[in-house]
Amino acid sequence: MTETLRLSSLAVLLIVLPLTGCGEGRNATVQPAAACEAVSEAFPDYGIKSVERSAEVTFSEIESWFRVRSEESVPAESYDAYRELVPQDRLTVCVMAASNLAPPGPPSKDRPAADTLVAIIDPEGAPHVDAMGPRGPLLAEFDLLRTAESDSS
Amino acid sequence: MRSQNDAVVLGGKDQSPESPDARTQEGGPNGMHEVGTTLSLRLSALRSLVVLVLAALFVVGTSTTAFAFHEYSTAGESSGVGFTGVKVTRFDVSVSGIPNDGCQNPYSGSPVYQTQWVLMKADASKWVEIGTGHQCGDNYRYTFAGYGNASGWHPINEITAGGSANAHTFKVWRDGGSYFFSKDNDGIAGVTLSNDDEGPYVDMGLESYAANAHVDCNNNFELSFKKGNNSWNNWDGRDRRNVSHSAMHGVWASDTTFRTSQNEGCA
């Protein structure tokens, strides 16, 4: 009987965990933005699985995204795609789970494998890869961006 | 909500808990035997389930391992701090054995990188990098430039790389508050980053996501570094060497030449 209970518990656990999305980091409150579909189409090799976060922002907010992200000032002119933009132009930021990212970089035991992609869709609808890295830090940066935006509004 | 139709009929006999027959079997004269039989059946079913689940986990784990190959053969200069640039002359070598994946987008599939970087933080949380990516059976070859921070890799630009016939000089260096990237003195990218860098070391060499890639032993030569806004200097001494896997090989030929290969010996 004890063995039955143990096996039953294990079986229930093994069945229930995937159903609850434990470890998948699902976010039921975020609906995939239609605009983010363009990212999967443009970058089929990345194995994009889902949209974790998305938001429509102005270009001026993207500039704050850069500042929030890296605590660095990354001038917009560094990015050819954004040279022609004006502050009020609207862009879409897509934070997406991806299974086939292989970015370069020095070894670091503190840096988890890249499983998340950040893409920015310009006003013409063209997506640009902005970052690929571990999920936690990228989502935290996105949330910081939204917090900063709501604080300033 | 269970309905009558939910009862499962096996061999023409209703075995649902509501079935009189089922209740009789558990409470009748042969109840203990029947309970034992039922338990055995349940145990067998559960064991089968567990075996299936574990087998699935094993398959997933195996496939994850297959994709997890990410190894290095690099050398570096780390005497003192304040590094702001690294310069390497090398060929864009031919690489065989790369899977035919990642054929459309950089940094995907199973790339092999010939690469170099300037570390800006000792914990490798911030760096700038230029290199050559090989993907899709080496039919997709590109020169790339970008930077990394704690949140990961930020690509700035990629351009098509040519054949393997000629040597090229790759540089990334800081000038004022900006970093610049060039191949044979042709600018590829520039980016402004904060100027609080420690610059603990510079590295160059092979980085591979393709376990079966074959890279012939090849020279990375005229290795130079830059500190602050000073001019370029030759690497001096043999400070750093990281060969992380038995498939990777790397050996110093001199203080300014490091030889690398994968799945082939290098002497």
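Chain letters run A, B, ... following the sequence lines, proteins first and then strands; every chain starts at 1.
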Review point. Given side chains that start at C-beta, do those of A/Pro106 and B/Leu119 come closer than 4.5 Å, heavy atoms only?
Key: yes
Roughly how far, to the nearest 0.5 Å, is the [atom2] atom of [Y] from the [atom1] atom of [X]?
| X | Y | atom1 | atom2 | result |
| --- | --- | --- | --- | --- |
| B/Tyr107 | A/Leu117 | OH | CG | 12.0 Å |
| B/Cys103 | A/Asp45 | SG | CG | 6.5 Å |
| A/Glu141 | B/Asn149 | CD | CG | 6.5 Å |
| A/Leu101 | B/Tyr209 | CG | OH | 8.5 Å |

Review point. Where the side chain of B/Glu207 meets the backbone of A/Gly105, is there a donor-acceptor pair that is under 3.5 Å apart?
Key: yes
Check your understanding: Any donor-acceptor pair under 3.5 Å linking the side chain of A/Tyr46 with the backbone of B/Asn105?
Key -> no
Revision key, fill the gap. Those residues at least two apart in sequence (or on a different chain) that pass ring pair (Phe, Tyr, Trp, His ring centres under 6.0 Å) with B/Tyr201 are none
**Study point:** chain B contact via A/Ala42 - which portion, at a heavy-atom distance below 4.5 Å
**Key:** backbone
Practice item. Report the residues that fulfil side chain to side chain donor-acceptor pair (under 3.5 Å) with B/Glu129, sequence neighbours left out, ordered by chain and then residue number. Key: B/Thr115, B/Trp127
Would you mind telling me which of [options] has the largest number of heavy-atom pairs within less than 4.5 Å of chain B?
| options | value |
| --- | --- |
| A/Pro44, A/Ala114, A/Pro134, A/Gly133 | A/Pro44 |
| A/Met132, A/Lys109, A/Arg111 | A/Met132 |
| A/Pro103, A/Pro137, A/Pro104 | A/Pro104 |

**Study point:** Within 6.0 Å of CD in A/Gln88, more than 12 heavy atoms from elsewhere
**Key:** yes
Check your understanding: How close do B/Ala124 and A/Pro107 get, heavy atom to heavy atom, and via which atoms?
Key -> CB-O, 3.7 Å
